[in-house]
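Model, not experiment: these values are computed from the prediction.
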Amino acid sequence: MTLPGTVQIVDDVPAAFAALVLQEAPASVALSGGETGMECYQALSARAPDWSGVDVYFGDERFVRANDPDSNEGMARRVLLDRAHPRSIHPMFRPGSIDDAALAYDALIRAASPIDLVHLGLGPDGHTASLFPGSDSLDESERFVIAAGDDEHPHPRLTFTFAAIARARLVVVTVAGEEKRDAIDRIRAGEDLPGARIRGERVLWLGDRAAMGER
């Protein structure tokens, strides 16, 4: 089995991601979290993009305020958004219950045009966004945003569902490092991990040789 979409092997995943975003010039993006995500946004920030016409969303988020060190929004603001000055930023977190926040973000995404570029990562366990192996959220087909989480990952989460991801004009999955190799191999072997369910108008996997198994 192959990965869903096109695979591009690169020497430097963050640099390749930055170049791709500048080439694509999306009018809307959904950002991710994680170490690779942060490195991608640092590389993009170093290229000084003009995002004055870009609307920024988030594909998943821990249910914490932006000033919490575990916040994806907070990370993205520090390393990219405070310099890129996008037209709008749409946080996932809002005071109140996580279920109310999920419903509000679902309505926001449903009312918006399909997002031009959704950026995803892949965890060593094969999860993407906050869609974790074996969770009921993997089979959600109606909602675009739901509350999620499990005992293996800190904090309750908000996440795009696969239905929301599939609306994107371009889905970019960045994977770097040998610790991601097992998840990639398991997807290629046909295991039903979350990463195997990624769909979109265009899906591009940007990976280095350590993660993708190329020598």
Side-chain angles (χ1 to χ4, degrees), residues 1-7 28-34 36-37 57-64 70 72-73 90-94 96-175 180-205 207 211:
M1 180 177 175
T2 59
L3 297 170
T6 301
V7 175
S28 57
V29 298
L31 302 182
S32 182
T36 301
Y57 302 88
F58 293 89
D60 75 312
E61 179 64 281
R62 298 170 181 89
F63 196 59
V64 295
D70 288 336
N72 290 344
E73 177 194 345
H90 299 281
M92 278 189 142
F93 176 85
R94 54 181 275 173
S97 75
I98 191 170
D99 291 329
D100 286 347
L103 287 170
Y105 217 76
D106 182 272
L108 175 71
I109 297 302
R110 196 171 295 277
S113 299
I115 294 172
D116 284 342
L117 191 155
V118 171
H119 180 209
L120 300 173
L122 186 76
D125 62 353
H127 83 265
T128 192
S130 285
L131 298 164
F132 299 114
S135 68
D136 293 341
S137 60
L138 302 184
D139 297 319
E140 174 59 54
S141 60
E142 300 297 328
R143 294 275 300 276
F144 287 163
V145 179
I146 58 174
D150 65 13
D151 294 336
E152 302 299 320
H153 300 85
H155 303 296
R157 310 286 184 104
L158 296 162
T159 186
F160 276 17
T161 62
F162 288 117
I165 293 167
R167 293 178 77 230
R169 295 192 171 98
L170 172 62
V171 180
V172 181
V173 191
T174 53
V175 284
K180 306 298 177 68
R181 172 72 183 276
D182 181 63
I184 293 292
D185 286 347
R186 289 165 66 192
I187 293 171
R188 284 174 167 158
E191 192 168 338
D192 186 24
L193 294 178
R197 299 195 185 193
I198 296 169
R199 298 291 185 273
E201 187 175 318
R202 294 164 60 204
V203 178
L204 173 64
W205 293 72

Looking only at heavy atoms, which two atoms of [X] and [Y] are closest? And how far apart?
X	Y	result
Ala30	Gly59	CB-N, 4.1 Å
Ser28	Pro114	OG-O, 4.0 Å
Pro4	Gly195	CG-O, 3.8 Å
Arg143	Ala163	O-CB, 4.0 Å
Pro194	Leu138	CG-CD2, 3.8 Å
Ala196	Glu191	CB-O, 3.9 Å

Spell out, as yes or no, whether a donor-acceptor pair under 3.5 Å connects the side chain of [X] to the backbone of [Y].
X	Y	result
Arg62	Asp70	yes
Arg167	Ile115	no
Asn72	Ser32	no
Thr174	Gly121	no
Glu73	Glu61	no

Which of parallel (below 30°), tilted (30 to 60°) and perpendicular (above 60°) describes Tyr105 and Tyr57?
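Perpendicular, since the angle between the ring planes exceeds 60°.
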Do [X] and [Y] have side chains that get closer than 4.5 Å, going by heavy atoms?
X	Y	answer
Met92	Val145	yes
Ile184	Leu122	yes
Leu158	Ile98	yes
Ile146	Thr159	yes
Arg186	Asp182	yes
Thr161	Glu142	no

Asp139 and Arg197 ion-paired at < 4.0 Å:
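Salt bridge flag = yes for Arg197 with Asp139.
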Point-to-point distance, once rounded to the nearest 0.5 Å, from [atom1] of [X] to [atom2] of [Y]:
X	Y	atom1	atom2	result
Phe162	Ser141	CZ	OG	12.5 Å
Phe144	Ile109	CZ	CD1	9.0 Å
Leu193	Asp125	CG	CG	8.0 Å

Check the pair Phe160 / Leu120 against side-chain contact (heavy atoms from CB on, under 4.5 Å), numbers first and verdict last.
CA-CA 10 Å; Phe160 276 17; Leu120 300 173; over 6 Å; no
Test side-chain contact (heavy atoms from CB on, under 4.5 Å) applied to Arg199 and Ile165, step by step
CA-CA 7 Å; Arg199 298 291 185 273; Ile165 293 167; over 6 Å; no
My understanding is that only one of Val171, Val172, Leu31 makes a side chain to side chain contact (heavy atoms under 4.5 Å, CB included) with Leu117; could you say which?
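Passing option: Val172.
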